[in-house]
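First the structure, in the form of structure tokens, and then the observations on it.
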Protein chains: 2
Amino acid sequence: MENTRDKLIDATFDEIYSHGYQGAPLTDILKKAGVHKGSMYHFFKNKKEMALAAIGEKMFEKFNERYSYVESYQIGILDEFYKRLRDLTARDFKRGCPIANIVQEMSNIDEDFNVLMKSIYEVFRENVKSILDKAIEIKELKPCDTTKLALFITSTLEGAILSAKATGDEQDYLDVIDEMIDYIQMKRG
Amino acid sequence: MENTRDKLIDATFDEIYSHGYQGAPLTDILKKAGVHKGSMYHFFKNKKEMALAAIGEKMFEKFNERYSYVESYQIGILDEFYKRLRDLTARDFKRGCPIANIVQEMSNIDEDFNVLMKSIYEVFRENVKSILDKAIEIKELKPCDTTKLALFITSTLEGAILSAKATGDEQDYLDVIDEMIDYIQMKRG
DNA sequence: ACGTATGTTGACTAAATAGTCAAGTAGTGA
DNA sequence: TCACTACTTGACTATTTAGTCAACATACGT
């Protein structure tokens with residue numbers, strides 16, 4: 001059974017992911033969590049602190065799930081990466097990417113959100129970079145500036161998700177991803 | 001002298017661009033516009049209608065400014081496009097891209113915003129496509145699926161702006177754009 | 001059994017916010 | 001001058017929202 005704090009973290013992340021930070025009233029979060037107000041203020045100083053905790057903890061949790069395979073994988077890591085990129089079941093195009101959503105909404109508005117999202121985005125990029133580095137190590141990719149290539153991949157991925165969210169067409173996501181994969185393949189050697 | 005409605009449209013767009021729709025109180029918009037509440041409700045049914053009008057009108061205005069050169073340009077259109085992409089003075093990385101901001105914040109929340117942003121995004125993509133089509137017409141680019149390539153370019157561009165907004169580093173934008181230009185150049189042949 | 005720390009309840013306050021309205025002003029054509 | 005329309009003013013209401021608080025419950029070590 002989930003404890004009260006976890007219920008709050010989960011409900012907060014989900015409500016913010018669905019409606020944005022500014023569009024997620026505390027009462028809705030509390031209702032979803034099934035937790036009373038005073039109880040919430042026992043665990044968190046205020047709504048913002050709870051939101052920062054929820055975003056940080058859930059995102060790092062997601063990264064651990066999504067990129068843990070990099071450790072164990074040896075051959076075919078790039079193909080595995082492509083396969084996961086093309087896997088639509090892992091994506092929610094209605095809501096988009098939680099990182100992008102919060103960066104867009106909050107980075108310019110609140111310095112604490114800005115700092116948090118910056119570090120989350122950095123970890124995202126490092127995860128992609130580590131895949132590329134491993135691919136180079138096992139000669140599945142020609143040596144190149146993996147920092148820049150990881151930046152290009154994360155940017156394009158975020159843009160692809162945005163396009164699909166804007167048009168409501170998952171195919172747009174796939175088209176961009178396939179074009180991006182073509183580009184990486186050219187570097188494959 | 002700007003009339004009252006224009007003042008409202010300008011102030012609404014700017015406040016929403018800075019703080020998001022949900023984060024832009026009507027009173028702030030009115031203060032910035034220097035217009036009283038009743039006056040605003042004379043021109044618009046409510047805050048949402050004013051916001052939709054402001055976003056639609058200002059974005060199409062911006063498109064006209066930014067892509068009007070396509071009509072007149074003949075040779076070197078692709079290089080002109082690259083030059084404009086690399087022009088940092090045309091961008092505000094603190095606030096990011098207004099299209100992306102509003103798509104991220106509102107597409108999932110409100111159907112009217114969803115419809116509007118979809119049409120804006122479509123026009124954006126068509127503008128880029130028309131540049132590519134012209135480049136093919138004058139043999140500056142090999143024939144290709146310009147619908148898909150325009151999708152790839154707009155997606156990557158949006159992703160590049162997001163990256164720069166997330167990290168606070170304009171160079172990230174330039175790095176992604178240069179990598180994208182490299183890719184287009186490969187097709188130039 | 002007692003005391004303490006930890007967690008819970010929900011009514012309450014204060015502020016912010018969208019929207020209403022009746023009374024006013026100014027310009028325009030007859 | 002008069003009537004009419006277009007626009008303006010700002011006080012007012014109703015609702016939503018974050019945050020407070022004091023009383024209550026529960027678990028646990030001694």
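Proteins come first, then strands; the chains are lettered A, B, ... in the order of their sequence lines, and each starts at number 1. Source: prediction; values computed, not measured.
- Every residue two or more places apart in sequence or in another chain was checked for a ring-ring contact (aromatic ring centres under 6.0 Å, His included) with Y41(B), and none qualifies.
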### Query
Quick one: what's the B/S/- string for nucleotides 18-23 of chain C, heavy-atom cutoff under 4.0 Å, read 5' to 3'?
BBBB--
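- Contact of the D112(A) side chain with the M106(A) side chain is not registered, since no non-hydrogen atoms from C-beta on lie closer than 4.5 Å.
- Rounded to a whole Å, the NZ atom of K31(A) is 13 Å from the C1' atom of dT16(D).
- Not one side-chain nitrogen or oxygen of T4(B) sits closer than 4.0 Å to the OP1 or OP2 atom of dC7(D).
- Residue L30(B) contributes atom CG, which lies 14 Å from atom C1' of dA16(C) at whole-angstrom precision.
- With sequence neighbours left out, F124(B) forms a side-chain contact (heavy atoms from CB on, under 4.5 Å) with F63(B), Y67(B), I99(B), Y121(B), V128(B), T154(B), L157(B), E158(B).
- The interatomic distance linking E49(A) (CD) with dG19(D) (P) rounds to 10 Å, in whole Å.
- Of the side-chain N and O atoms in H42(A), none sit less than 4.0 angstrom from OP1 or OP2 of dT8(C).
- Residues meeting the salt bridge (Lys or Arg N to Asp or Glu O under 4.0 Å) test with R95(B), sequence neighbours left out: D14(B), D92(B).
- Applying the salt bridge (Lys or Arg N to Asp or Glu O under 4.0 Å) criterion to D178(A), with sequence neighbours excluded, gives R86(A).
- One atom, CD of Q22(A), and another, P of dA18(D), lie 11 Å apart when rounded to the nearest Å.
- Residues passing the ring-ring contact (aromatic ring centres under 6.0 Å, His included) test with F81(A): none are found, sequence neighbours excluded.
- Not one side-chain nitrogen or oxygen of H36(B) sits closer than 4.0 Å to the OP1 or OP2 atom of dT8(D).
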